[in-house]
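See structure below.
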2 protein chains.
Amino acid sequence: MNIYSFICHVKPRDEHKIDQIFQATLLLVKQKGLAGITMSEIAGAAKIATGTLYIYFESKEKLINELFTQCRKSSVDIYFKDYESSQPFAVGLKRIWFNLLEFRMNHFKESVFMDQCYHSPYITETTKDLTKKMIQPLYKLVERGKAEKELKELDTFMLLIFMVSGINEYVKHSVYSEKKITKASMEDLYNLMWDGIKA
Amino acid sequence: MNIYSFICHVKPRDEHKIDQIFQATLLLVKQKGLAGITMSEIAGAAKIATGTLYIYFESKEKLINELFTQCRKSSVDIYFKDYESSQPFAVGLKRIWFNLLEFRMNHFKESVFMDQCYHSPYITETTKDLTKKMIQPLYKLVERGKAEKELKELDTFMLLIFMVSGINEYVKHSVYSEKKITKASMEDLYNLMWDGIKA
DNA sequence: TTTATAAATGAATATTTATTCATTTATTTG
DNA sequence: CAAATAAATGAATAAATATTCATTTATAAA
């Protein structure tokens with residue numbers, strides 16, 4: 001019952017399959033890295049035939065790129081969830097920081113995949129530039145923090161990188177050592193970061 | 001004039017080639033990622049024939065593994081350079097932290113390569129475990145810092161990860177945006193970290 | 001200078017992996 | 001239910017890549 005139903009007699013495309021394919025790819029990349037995946041493995045993990053993969057994605061490169069684009073979109077959506085630039089600085093900062101943490105925790109496979117893509121022949125410079133643009137609001141927030149004398153008067157990029165770097169590494173370590181991340185440990189990590197950057 | 005010279009008439013192996021091969025591999029991995037390199041490209045970049053590669057390394061997997069092992073060794077050597085556990089805590093900490101930074105800066109290709117290997121089919125669990133063991137002295141140092149009331153009373157791994165995570169991300173960003181890392185910016189970053197972890 | 005030997009070469013081969021395609025299956029509409 | 005059509009299949013093919021090997025080159029000792 002799709003848009004084409006009115007003009008021709010067709011078996012409709014199963015849009016759920018795209019998600020199956022994406023999930024299978026993310027799982028395999030987490031397990032064996034971008035260097036270790038093949039199209040037939042992806043098909044196998046998605047429980048479809050190899051040929052079916054090519055109905056949905058015209059090549060491996062396209063598949064990787066579209067998955068990257070989707071991951072970036074969903075990451076940015078989460079980063080800025082419930083964030084309003086009208087909020088007080090400290091509130092906005094905490095909000096975004098916990099959103100970043102949430103994304104890394106609950107979308108770990110996506111994080112690993114995006115990290116790997118960044119140094120790969122699949123992702124173009126243009127795509128990388130777009131990724132940078134999407135974190136602009138974060139940059140603005142740090143600038144504001146400095147202007148309001150809430151943050152140390154240091155290079156904005158240094159502050160920004162310092163703010164988020166602990167998250168990536170802490171979640172990575174927790175996943176690999178199979179340690180649960182508790183609400184308390186999240187707060188501890190936030191406070192480490194905050195004590196570092198506050199004016 | 002090697003050890004075999006006394007028992008047979010041979011053309012000696014050019015040990016310098018191993019380094020050429022390693023450097024070529026590191027360069028290519030930095031440029032296109034582990035997923036993008038081929039044996040013939042490595043040979044080309046090392047300015048030797050493809051077949052010659054197989055005189056020095058019996059397979060691609062062996063090559064990657066031996067390079068990983070060498071990178072890990074040299075990284076650990078640098079991490080603990082001029083560090084003595086007899087030094088006062090704060091001195092030892094600063095020493096190691098700057099050593100970590102130096103490694104990331106001056107051996108950036110090695111850092112990228114090791115990061116990529118970690119999520120790849122080339123590196124075994126055993127190799128990963130060994131890597132963990134080699135950073136034991138760092139773990140001890142943090143425990144000591146807590147015992148001496150110099151550091152916050154938080155989970156040792158969290159402190160450890162927090163201490164080093166900024167380095168990785170800051171150097172990565174600086175390299176890709178082609179910004180020079182100055183002595184002053186290094187001190188700034190250290191202070192961000194220190195203000196976070198100090199008791 | 002000759003000889004013995006392994007290094008070095010790169011084209012040839014083997015292997016792996018991406019992609020295609022002839023065939024079958026499922027779905028929608030008349 | 002039949003017809004029309006695209007999805008789905010997986011074996012076959014094409015392309016890419018790892019590895020081998022017959023040949024040439026360089027070196028060390030006699």
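Chain identifiers are assigned alphabetically (A, B, ...) following the order of the sequence lines, protein sequences preceding nucleic acid strands; residue numbering begins at 1 within each chain.
Mapping A:Thr52 and A:Ile37 onto DNA chain C by nearest heavy atom places A:Ile37 closer to the 5' end of the strand.
The side chain of A:Arg13 approaches D:dA7 more closely than any other nucleotide in the set D:dA7, D:dT19, C:dT19. In the set D:dA8, D:dT19, C:dA8, D:dA8 carries the atom at the smallest distance from any side-chain atom of A:Asp14. For B:Pro12, the listed nucleotide lying nearest its side chain is D:dA28; candidates were D:dA8, C:dG10, D:dA28. Comparing atom distances between the A:Thr38 side chain and each of C:dT19, C:dT17, C:dT28 picks out C:dT17 as nearest. The listed nucleotides are D:dG10, D:dA8, C:dT27; the one nearest the side chain of A:Tyr56 is D:dA8.
Using a 4.0 Å cut-off between a side-chain N of Lys or Arg and a carboxylate O of Asp or Glu, B:Lys62 and B:Glu66 do not qualify as a salt bridge. A salt bridge is defined here as a Lys NZ or Arg NE, NH1 or NH2 lying under 4.0 Å from an Asp or Glu carboxylate O, and A:Asp82 with A:Lys94 fails to meet this definition.
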Discussion item. Run B:Phe157 and B:Tyr139 through ring-ring contact (aromatic ring centres under 6.0 Å, His included) and show every step you take.
Written reply: CA-CA 8 Å; B:Phe157 259 114; B:Tyr139 190 92; 5.2 Å; yes

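Spacing between atom CG of B:Leu28 and atom C1' of D:dT17 amounts to 15 Å, rounded to whole angstrom units. Distance B:Glu41 CD to D:dT17 P: 8 Å, rounded to the nearest Å. For the pair B:Glu61 CD and D:dT17 C1', the computed distance is 16 Å after rounding to whole Å. If you take CE of B:Met39 and P of D:dT19, they are 6 Å apart, rounded to a whole angstrom. Computed from coordinates, the B:Lys47 NZ to C:dG10 P distance equals 14 Å when rounded to whole Å. Rounded to an integer number of Å, the gap from CD1 of A:Ile21 to C1' of D:dT9 is 14 Å. Remark: P of C:dA6 and NZ of B:Lys11 are 13 Å apart, rounded to the nearest angstrom.
Nucleic acid contact class of A:Ile42 (heavy atoms, under 4.0 Å, all strands): none. Using a 4.0 Å heavy-atom criterion, one finds that B:Leu53 contacts no nucleic acid atom at all. Looking at heavy-atom distances under 4.0 Å, A:Thr50 makes contact with a base. Using a 4.0 Å heavy-atom criterion, one finds that A:Phe57 contacts no nucleic acid atom at all. Here B:Lys17 lies in heavy-atom contact (under 4.0 Å) with sugar-phosphate atoms only.
Between the side chain of B:Ser177 and the main chain of B:His173, a donor-acceptor pair closer than 3.5 Å is present. For B:Gln20 (side chain) and B:Ala46 (main-chain N/O), a donor-acceptor pair under 3.5 Å exists by modelled atom type.
Checking the phosphate oxygens (OP1, OP2) of C:dA18, a side-chain nitrogen or oxygen of A:Lys60 falls inside 4.0 Å. Between B:Tyr54 and C:dA8 there is no side-chain polar atom (N or O) within less than 4.0 angstrom of OP1 or OP2.
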